[in-house]
There are 2 protein chains.
Amino acid sequence: MDDMTEPRSGPRMRDVARAAGVSAMSVSRVLREPALVSPELRARVEAAVREVGYVPNRLAGSLSSRRSEVVGLVVPSLENSLFAATVKGISDVLRRAGFQLMIADSGYGPEAEEAAIRAFLGQRVAGLILHDTLHTEGTVQMIRRAGVPVVENGTLTETPLDMVVSYSNREAARAMTRHLARLGYRRIALVTLPAGVNARSRDRRLGFQEALAELGLPLDPRWMLEMPPGLASGAEAVARLMEGEAPDAIFFAGDVLAAGALLECQRRGWAVPGRVAIAAFDNVDLLAHMNPPVTTLHLPRHEIGTRSAQMLLDRLARRQSGPATVDLRFEIIQRAST
Amino acid sequence: MDDMTEPRSGPRMRDVARAAGVSAMSVSRVLREPALVSPELRARVEAAVREVGYVPNRLAGSLSSRRSEVVGLVVPSLENSLFAATVKGISDVLRRAGFQLMIADSGYGPEAEEAAIRAFLGQRVAGLILHDTLHTEGTVQMIRRAGVPVVENGTLTETPLDMVVSYSNREAARAMTRHLARLGYRRIALVTLPAGVNARSRDRRLGFQEALAELGLPLDPRWMLEMPPGLASGAEAVARLMEGEAPDAIFFAGDVLAAGALLECQRRGWAVPGRVAIAAFDNVDLLAHMNPPVTTLHLPRHEIGTRSAQMLLDRLARRQSGPATVDLRFEIIQRAST
DNA sequence: TTGTACGCGTTATCAT
DNA sequence: ATGATAACGCGTACAA
């Protein structure tokens with residue numbers, strides 16, 4: 001039965017020092033620079049640390065050293081598994097370096113992002129990783145004033161805050177569109193997420209339009225839909241596009257729209273790709289296992305995370321200096337749905 | 001062109017105080033207890049805050065007050081979207097209370113969990129939320145010594161560290177098994193994730209066995225499979241179970257195994273539920289959109305998050321005192337696959 | 001209502 | 001190689 005007294009503060013460095021019969025500074029050194037310390041001292045201190053169950057207070061440490069081992073990450077949504085791969089990459093690299101990860105979502109737009117970043121800066125994070133590339137003025141000012149390194153992830157923005165690690169959404173959409181044309185499709189439709197505050201969707205639409213123009217294919221505005229995320233959206237989109245003058249291929253450039261569409265085709269008995277071909281944007285496991293398997297892009301989601309974290313760490317270690325843009329490659333995965 | 005000098009520390013409270021012509025304490029009060037301060041003082045201070053772009057240092061604040069507004073969360077995997085709903089619930093509640101979230105994954109087992117918790121305690125988190133319920137001795141000791149409130153989420157463990165918010169994996173598995181029997185199925189197989197270090201899988205297997213015993217149905221060990229997570233696993237499981245003496249229903253109690261199995265049945269031309277019925281454990285969007293839609297359980301994933309965070313906040317505000325177990329309800333969603 | 005003094009637990013710096 | 005001292009930036013407790 002625990003007694004519910006005041007939250008204990010636990011043993012401090014000086015308690016360890018006393019137990020080991022040394023000064024607090026020696027304890028600090030043993031913990032951070034064991035090489036600079038005599039083996040005997042180290043042994044005594046390490047024993048004392050275990051004896052009293054000492055867990056160093058990183059708040060005090062960071063306050064004093066003016067450094068922190070926490071990175072702040074802002075993703076558009078915590079529920080979207082597309083970001084999960086990137087988060088995993090970030091987390092893996094940070095953990096090995098002894099860094100912690102704080103996460104917030106900006107689901108409600110750039111203002112929510114600003115609030116999250118303000119909170120992170122209050123915690124004096126060592127760096128920031130942002131998925132979105134569209135920020136409020138206040139956000140930009142805060143970040144500049146704070147002088148923390150930042151990596152943006154969502155798309156290869158031309159106006160980066162600092163560092164960017166991503167792939168080109170525009171080139172990826174362009175490549176897939178050209179791929180569909182190469183396969184013989186001529187009436188190609190595009191479905192994206194709402195492009196309003198989503199730079200990624202905007203870039204994908206641009207790439208699609210570019211490709212059609214280059215190929216001399218018709219660009220019918222009725223064949224460019226914006227739908228909210230979700231399987232139901234994909235189903236609705238394909239149903240809507242197929243009534244009237246139907247496309248022969250649909251490029252679903254976002255979320256799980258393509259999967260939803262294919263499932264709807266199965267229900268309606270529409271042959272894929274016989275009646276309409278379907279292509280997706282993201283190489284989620286599901287698409288490979290569907291019937292037919294769905295043609296899609298493979299994007300370096302995990303690598304975006306590892307590279308982002310690594311660049312941040314390099315900058316913090318002064319191993320790298322200025323802004324930088326890393327353009328990671330994507331790949332087309334041709335499957336039976338096209 | 002930024003000059004890459006030393007990381008600036010930014011304006012401090014005393015800088016704001018000077019700019020406003022008041023004492024630092026007044027700045028602190030304006031920020032934390034605006035009600036106790038005269039309107040004019042507040043106005044001057046708020047203007048000064050904006051003028052110098054002040055962002056309070058929460059490291060210093062927490063060090064001084066011995067309180068923090070950070071909660072540590074450990075999930076088994078950052079890539080599994082099942083946890084995402086819970087994380088979202090946690091994040092939503094914490095944000096409204098001005099709390100931040102630190103996240104780590106324990107993908108490599110209880111030792112990784114211990115390391116994550118040690119790091120969190122070093123950051124002096126106000127509380128912990130753990131998905132797993134199986135911990136090392138070191139973990140238990142550390143948490144007791146630190147005296148931080150803890151919520152466990154994964155299953156209704158009978159040996160909680162402190163608070164538990166979950167549903168009963170055992171009852172849920174039992175209920176679904178009985179449901180299948182009620183529908184007339186008699187040769188019921190079970191597929192779970194490896195139950196080794198996974199208390200959830202263990203509880204599900206127990207519930208399944210209980211139900212069979214109660215119903216007087218045969219318990220053939222060859223009909224209880226353990227498979228790694230993933231669609232491919234589900235496909236392999238159904239293929240393996242259907243050779244030889246085949247079950248008439250398969251209960252896939254984990255991950256997306258059921259979806260993988262159904263897709264495999266489509267490929268093989270096995271009618272579902274004609275040839276074999278399929279039930280799943282988690283109400284992911286996909287299952288509702290498949291052909292046929294898949295019978296499953298609806299689990300209170302999001303509510304687990306909100307309730308966990310709320311209980312933690314309540315405890316921190318001294319509004320609730322002791323250990324507690326919250327048993328949230330689940331629900332059977334009967335669909336065409338059974 | 002506002003201000004002063006001190007301490008939170010650690011690290012940087014300098015001295016021995 | 002080890003120790004003493006003074007910050008780090010804020011909040012608590014008390015005084016005015």
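If you're wondering where the values come from, they're calculated on a predicted model, not measured in any experiment. Naming convention: chains lettered A, B, ... in sequence-line order (proteins, then strands); numbering from 1 in each chain.
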Take the protein atom CD of E33(B) and the nucleotide atom P of dT1(C), then report the distance between them rounded to whole Å. 12 Å
Please report, rounded to the nearest Å, how far the P atom of dC8(C) is from the CG atom of L63(B). 9 Å
d(CZ, R12(B); C1', dC8(D)) in whole Å: 10 Å
For residues 120-131 of chain B, run the donor-acceptor check on the side chains, cut-off 3.5 Å, and write out each pair with its distance to 0.1 Å, sequence neighbours left out.
from: R124(B); atom 1: NH1; to: V55(A); atom 2: O; distance (Å): 3.3
from: R124(B); atom 1: NH1; to: L121(B); atom 2: O; distance (Å): 2.8
from: R124(B); atom 1: NH2; to: V55(A); atom 2: O; distance (Å): 2.9

Among the candidates dA12(C), dT2(C), dG3(D), find the nucleotide nearest to the side-chain atoms of R67(A). dA12(C)
Separation of R66(A) atom CZ from dT10(C) atom C1', in whole Å? 14 Å
Would you say S23(B) reaches dT4(C)'s phosphate, i.e. side-chain N/O to OP1/OP2 under 4.0 Å? no
Atom CZ of R14(A) and atom C1' of dT10(C) are separated, to the nearest Å, by 10 Å
Name the nucleic acid region contacted by L41(B), choosing base, sugar-phosphate or nothing; use a 4.0 angstrom heavy-atom cut-off, strictly under. sugar-phosphate
If I take atom CE in residue M13(B) and atom C1' in nucleotide dC8(D), what distance separates them, rounded to the nearest angstrom? 14 Å
When rounded to whole Å, the CE to P distance for the pair M25(A) and dA12(C) reads 8 Å
Pick the closest DNA chain C nucleotide for S38(B) and for V55(A) by heavy atoms, then say which residue is nearer the 5' end. S38(B)
Just to verify, what does S81(A) make a side-chain hydrogen bond (donor to acceptor under 3.5 Å, both in side chains) with, not counting sequence neighbours? none
With a cut-off of less than 4.0 Å, is there a side-chain N or O of R58(A) near OP1 or OP2 of dT11(C)? yes
Distances under 3.5 Å between protein N/O atoms and the N/O atoms of nucleotides 14-16 of chain D, please, pair by pair.
none

Does a nitrogen or oxygen in the side chain of S26(B) sit under 4.0 Å from OP1 or OP2 of dG3(C)? yes
Is any side-chain N or O of S64(A) closer than 4.0 Å to OP1 or OP2 of dT10(C)? no
Minimum-distance pair of heavy atoms, taken over all atoms of E69(B) and S62(B): OE1-OG, 4.1 Å
Salt-bridge present (D92(B), K88(B); N to O < 4.0 Å): yes
Within less than 4.0 Å of OP1 or OP2 of dT12(D), is there a side-chain N or O belonging to R32(B)? yes
Please find the pair of heavy atoms, one from P323(B) and one from M163(B), that lie closest to each other, and give the distance. CA-CG, 4.4 Å
Within the structure provided, determine whether N57(B) and R12(B) are in side-chain contact (heavy-atom separation under 4.5 Å). no
Strictly below 4.0 Å: does S65(A) bring a side-chain N or O up to OP1 or OP2 of dT11(C)? no
Do D132(A) and S106(A) pair up side chain to side chain, a donor and an acceptor below 3.5 Å, judged on atom types alone? yes
Pair R118(A) + E114(A): basic N to acidic O under 4.0 Å: yes
Whole-Å gap separating C1' (dT2(C)) and CG (L36(B)): 11 Å
Would you say dG11(D) has OP1 or OP2 under 4.0 Å from some side-chain N or O of S28(B)? yes
Below 4.0 angstrom from OP1 or OP2 of dG9(D), is there any side-chain N or O of Y54(B)? no
